[in-house]
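Down below is the structure, laid out as C-alpha cells.
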Number of protein chains: 2
Amino acid sequence: MERITRVSSRAPAVAPTLADVAERAGVSRQTVSNAVNNPDLLRGDTLARVQEAILELGYVPNRAARNLRTRASHLIGLRMSPVQEGTANAAMDRFVHSLVWTSREAGYHVLLFSGEGPDPLEGYDDLMRSTAVDAFVVTDTYLGNPQAAWLRERRAPFVAFGRPWDDDGAKHPWVDVDGAAGTELATTHLLDKGHTRIAWIGWRKDSFIGEDRRAGWSRALRERGHATTGLASRVEDTVWSGREASAVLLDEARPSAFVCASDTLAMGVLHTLAERGLHPGHDIAVVGFDDSQVAQVVHPGLTSVRQPLEEVAIAVVRSLEDLLATPSQVGEGLLLTPTLTVRGSS
Amino acid sequence: MERITRVSSRAPAVAPTLADVAERAGVSRQTVSNAVNNPDLLRGDTLARVQEAILELGYVPNRAARNLRTRASHLIGLRMSPVQEGTANAAMDRFVHSLVWTSREAGYHVLLFSGEGPDPLEGYDDLMRSTAVDAFVVTDTYLGNPQAAWLRERRAPFVAFGRPWDDDGAKHPWVDVDGAAGTELATTHLLDKGHTRIAWIGWRKDSFIGEDRRAGWSRALRERGHATTGLASRVEDTVWSGREASAVLLDEARPSAFVCASDTLAMGVLHTLAERGLHPGHDIAVVGFDDSQVAQVVHPGLTSVRQPLEEVAIAVVRSLEDLLATPSQVGEGLLLTPTLTVRGSS
DNA sequence: TTGAAAGCGCTAACAA
DNA sequence: TTGTTAGCGCTTTCAA
C-alpha cells in the first residue's frame, strides 16, 4: 500500500517552474528558490507552505537554468579508454562503479566521454570550454601525466587517479594506490609460506607503474636476504607474454612462486602450469594484481593484490569537492595501501 | 611543429560568449548563432568572418545556456547496477564502452547514475524531471520491464537493451540479442564435434533470459533427435552453483559436453573438471555465454557465445535519435544475433 | 541575408 | 524574513 499520495505522479504535460510554485504558495519566486537551496532563511510556516506546494506540483528545479545561473553543472567528466580484449584488466570499470556511487552522495553525476584515438587530450577540451562538466577525473596516467600540465594550463579543475610519476613538482591533487606495497605484501605472503625463490613477471621498463610494482617484489626479497637475480622478467601485458615468460623462468631459474604485475600475466603463468601438469597453489604459487573477476572465478582461485578502489573514489571525490570549493588551493597527493586477497593459487 | 595558431589556447580568464564573437566579427549575436547552427543561412563572406572570430576567440557555445533554451541536454542517462564480485559478468561494462563511443558520434554524452538500492526506478525520476538527460537507456530488464511502464507513464523517452519479456503489447523501442540463437549455435557446434549428450546449466525458471537461452539448447538437440531429459540443471548464477551442478550431472547423466547460460557457470564446470583431473576441450567440452574476459584468458580458453554489443549500442543510439526526433512514434524492437567464439574448451 | 526583441528558469545582489 | 530587479548565454520569432 502506497501511503504517500503523489499528486503529480502522472507527470503534467509541462513541468512546473519556480513561478508556478510561488504562485501556488503565495510567495515570490525567490522565496521558493530559498526554500530549495537555503531553507534556513525561511520562517517555519512559510517553508512548510512552500514545501507543500512543491510536493503538490511535483516541482524539480530545472538543471539547465540552474547550471546557467550558477555556472556549475554538477557533472564530473571521465574519459573511458577502450576495452582491452584478451586481458583481465577491468580495474577501470570497477573504479567507474565506485566513482558513480560516491559522486552521487556528493551531488554529482559522472559524464562519460571517449577520446577519439590514442591522444589522451582529445575530448577534454570541448567539454571544458562548453562548461559541460565542473571537473575531470583523470585516470590514464600510466605514461606520466601529459593531461595534467595541459589541463592545468587551461585552468580545468581535475583530480588524478594516479601519481604524477614524471613530475615531482606537480601541483594538482591526486590519489593513487601504492603498487610497491601491494607486491611487497604479495611477496612477503609467499615468503611466509616458505617460498624463497620467487620470480617476478612485470611490464616493460618504460612503465612507471610496472617499475613501482617491481620494486615491492625486490624490496621484500632483499629485506629477507633472498636473491632476485635472474628471477625477473619484463614483458608486455598479455596472457601470451606471461605464459612465455613463466616457461622460460621455470626452466632457467626454478622459482617456486611467481608474483605478477597483473592478473593478465598471472593467467599466463597458469597456462604454463596447466600445460606442464603443474598445480597452482600446490606445485607452484602464483599471485596476480588487481583482483579481477578472472582471479575470483578461475580454478583454484588466483591470489591477487586488490586496489581499494572504493576508497580511491571517495578520496577523489573529496578532493574534487575541496578543489571546487577553493579553486586556488594547492593539490595534495594521497597514497592508499592495497590489500592481498589470498586464494587457492598460493 | 604546430602549424595552426590557436590564439586562445591559454584559455582566457573568462570564456567568450556569442556577444564577444559578434562584436569582433561586426555582426549581431544572432548571426553568430546561425554561423554555428545554420551556416547555410549566411553569405559566404559573412560566415568566413564569423568563423575567423570564433577561432580567434576560441569560442565554444555554453552548454547550459543552450540546454536551457533548446530544452535538451544531449545527455543520455544510464543506470549502473552494482558490480557483481565473484562472477564473470561484465557485459554491462562492455556495453557502456560501446554506448559511450557510439553516442559521441551522434553528439551525445552518457551520464551515469546509480540506483540506491534494489529498486530499479530509483534515480530515474530526478534526472528526468530536472531535465538533466534527454533520454534513458534501460538495461536491467532481466526480470521483465518494470521501468518500461513507469517511464512510459511519465513520458520519459527511453530505449531498452532487453526485450519486454512480460509485455507483448509494449510499445517502446528495444534492442536485444537472441539468446536462444546463441545457445543453439553453441549446441550445434558441439553436435558437429560429435557430442550427443550435451548438458545444460542455466538459471532458475523465473529468469526470462535464462529460459530463452535454455530454449536454444533444447531446440538444437531436439532437431537432431537427441535427448534432453535429465541433462538440464537450473541454478543460481554463481561459480559455486555451476561447480555443484556439473558434478551432479557428470555423475548422473554422463554428458560429454556442457552448455551454460553464463561464463560464470561455465567456470564452475571448469572447477569440477579440474578437481576430477579432466581436461576441458579434451575430455569434456564446455561452452559459456558472454565472451567475458574470463573466457578469453582462462586456460585453455573458454568457448563462449558473444553478444554483438557494439551493434547493440549502434542500434540503441539510432533508436534514441528516432525517438527524440519523433516523440510520438511507436517504438520498434530489434533482435540481433550473437556469434560463437570457439576456444580450447571445445 | 541579417538584426532586434523576447524569454527559457533560475539565483545573486540588493531593497524593503 | 521576504520581495524586486537583473541577467546568466543562448535560440526562436519576427521584422527589416
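A, B, ... follow the sequence lines: proteins, then strands. Residue 1 opens every chain. These values consider heavy atoms only, across backbone and side chains, with no hydrogens, waters or symmetry-generated copies.
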Report task. Please confirm whether A/Tyr124 and A/Phe113 have ring centers closer than 6.0 angstrom. Result -> yes

With a 4.0 Å cutoff (strictly under), does any side-chain N or O of [X] reach OP1 or OP2 of [N]?
{"X": "A/Arg29", "N": "D/dG3", "result": "no"}
{"X": "A/Thr31", "N": "D/dT2", "result": "no"}
{"X": "A/Arg69", "N": "D/dG7", "result": "no"}
{"X": "B/Asn37", "N": "D/dT11", "result": "yes"}

Could you state the interatomic distance from [atom1] ([X]) to [atom2] ([Y]), rounded to the nearest 0.5 Å?
{"X": "A/Leu75", "Y": "B/His109", "atom1": "CG", "atom2": "NE2", "answer": "10.0 Å"}
{"X": "B/Ser28", "Y": "B/Asn34", "atom1": "OG", "atom2": "CG", "answer": "8.0 Å"}
{"X": "B/Thr139", "Y": "B/Met92", "atom1": "OG1", "atom2": "CE", "answer": "3.5 Å"}

Query - Contact nearer the 5' end of DNA chain D, comparing B/Gln30 with B/Leu68 - result: B/Leu68

Query raised in the report: Which sits closer to the 5' end of DNA chain D, A/Thr46 or B/Ala65, going by the nucleotide each is nearest to?
Result: A/Thr46

Query raised in the report: Where the side chain of A/His74 meets the backbone of A/Val133, is there a donor-acceptor pair that is under 3.5 Å apart?
Result: no

Enumerate the protein-to-nucleotides 14-16 of chain D contacts in which both atoms are nitrogen or oxygen and the separation is below 3.5 Å.
none

Query raised in the report: Under the side-chain hydrogen bond (donor to acceptor under 3.5 Å, both in side chains) test, which residues partner A/Asp126, sequence neighbours left out?
Result: B/Arg63

Report summary line: Contact span of DNA chain C against chain B, any nucleotide atom under 4.0 Å from a heavy atom, 5' to 3', runs C/dT1 to C/dG9

In whole angstrom, what separates [X]'s [atom1] from [N]'s [atom2]?
{"X": "A/Leu18", "N": "D/dT4", "atom1": "CG", "atom2": "P", "result": "14 Å"}
{"X": "B/Leu41", "N": "D/dT13", "atom1": "CG", "atom2": "P", "result": "14 Å"}
{"X": "B/Arg71", "N": "D/dT11", "atom1": "CZ", "atom2": "C1'", "result": "12 Å"}
{"X": "A/Asp40", "N": "D/dT2", "atom1": "CG", "atom2": "C1'", "result": "15 Å"}
{"X": "B/Asn67", "N": "D/dT11", "atom1": "CG", "atom2": "P", "result": "10 Å"}

**Report entry** Full working for side chain to side chain contact (heavy atoms under 4.5 Å, CB included) between B/Phe136 and B/Met128
**Finding:** CA-CA 9 Å; B/Phe136 292 100; B/Met128 201 193 75; 4.0 Å; yes

Report task. Consider only side-chain N and O atoms of A/Arg71 and B/Asn62, and report whether a donor and an acceptor are under 3.5 Å apart. Result -> no

Query raised in the report: Without hydrogens or angle criteria, can the side chains of A/Ser73 and A/Asp134 be said to hold a donor-acceptor pair below 3.5 Å?
Result: yes

